[in-house]
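In what follows, a structure is listed as structure tokens, so that the remarks can point back to it.
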Amino acid sequence: MSGQPCDRFEREGLARMEAGLPPDDHEIGCSTCQSAREDYERLGRALAELPPIKAPEGWERRVLDSLPASQSATGRLSWMPWALGLAAAAAIVFFIWRLDRPTPGPLSVRQQVVATSSGRRADSAAVGDSIRVSTQGGSGEVRELRLYRDTTELVARCPGDPGCAIVDGAPRLTFVLQAPGSYRSLAIVGPQKAPEPAGALDEDARAASAAGASVEMSRAVDVE
Ligand SMILES: [Zn+2]
């Protein structure tokens with residue numbers, strides 16, 4: 001690894017973000033790209049919150065008049081529609097991006113047993129079964145799911161775990177249960193990345209909450 005900071009978000013991730021696509025595998029594993037995304041999301045929010053501004057009458061003429069006289073009139077005028085088009089496109093992108101976000105309900109987290117061969121109830125499972133954890137609602141750009149066994153052992157994170165997928169901007173974790181115990185998930189949604197987990201459910205929930213995030217825990221699934 002060289003000491004060069006990663007610029008892949010600018011080269012690839014930004015286009016994905018604008019297209020509404022989830023972070024790719026590289027971005028999920030790259031802290032530089034993740035923080036670049038956070039910066040662009042912050043920028044997007046800041047632009048979206050700007051009050052509408054009406055341009056003063058005759059501003060185009062004043063801009064043209066202030067340019068050095070050596071530039072030909074054709075030269076000046078040829079880039080104007082292009083620049084205005086670009087500015088309009090940027091405004092539209094942010095407008096749509098904002099419209100695209102539905103008003104969120106309260107944060108909730110759902111933990112479901114899937115592919116159970118044993119025909120058990122939804123809140124109990126056997127080693128070898130899978131559970132799927134998903135979250136809805138809450139407001140904030142940074143969403144994370146953490147799955148704990150017996151409330152003291154962090155067994156998976158989303159983003160971060162191979163069983164993690166980002167669906168419509170929200171993390172969804174599918175996890176194969178490899179050991180008996182009581183499994184519970186923690187959903188964290190906030191304006192910034194939550195503090196790194198210390199490993200215990202209650203402690204991590206408190207730390208995230210203290211950092212300004214909304215947190216929600218699932219019901220426990222008991223695995224025999
Ligand atoms: Zn990167």
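Values below: all heavy atoms of this structure, side chains included; hydrogens, waters and symmetry mates excluded. Whatever order the structure lists ligands and atoms in, that order sets their numbers, starting from 1.
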Considering residues, nucleotides and ligands other than Arg157, do more than 12 of their heavy atoms fall under 6.0 Å from its CZ?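 Yes.
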Please check if the number of heavy atoms outside Gln136 that lie under 6.0 Å from its CD is greater than 12.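 Open: at most 12 neighbouring heavy atoms sit under 6.0 Å from CD of Gln136.
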Where is the tightest heavy-atom contact between Leu107 and Ala187, given as atom of each residue plus distance?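 Nearest pair, atom of Leu107 first, then Ala187: CD2-O, 3.9 Å.
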Around the Zn ion (ligand 1), what protein N, O or S atoms are found below 2.8 Å?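 Under 2.8 Å from the Zn ion (ligand 1) - ignoring waters, which are not counted - the protein N, O or S atoms are Cys6 SG, His26 NE2, Cys30 SG, Cys33 SG.
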Verify the cluster assignment for Leu173 and Val176: are they in a single hydrophobic cluster under the rule of side-chain heavy atoms below 4.5 Å apart?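 Looking at the clustering, Val176 is in a separate group from Leu173.
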Here's a test for you: under side chain to side chain contact (heavy atoms under 4.5 Å, CB included), which of Val155, Val133, Asp204 qualifies with Arg146?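 Passing option: Asp204.
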Does the pair Cys33/Cys6 show an SG-SG distance of less than 2.5 angstrom?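 Cystine link not detected, SG atoms outside the 2.5 Å cut.
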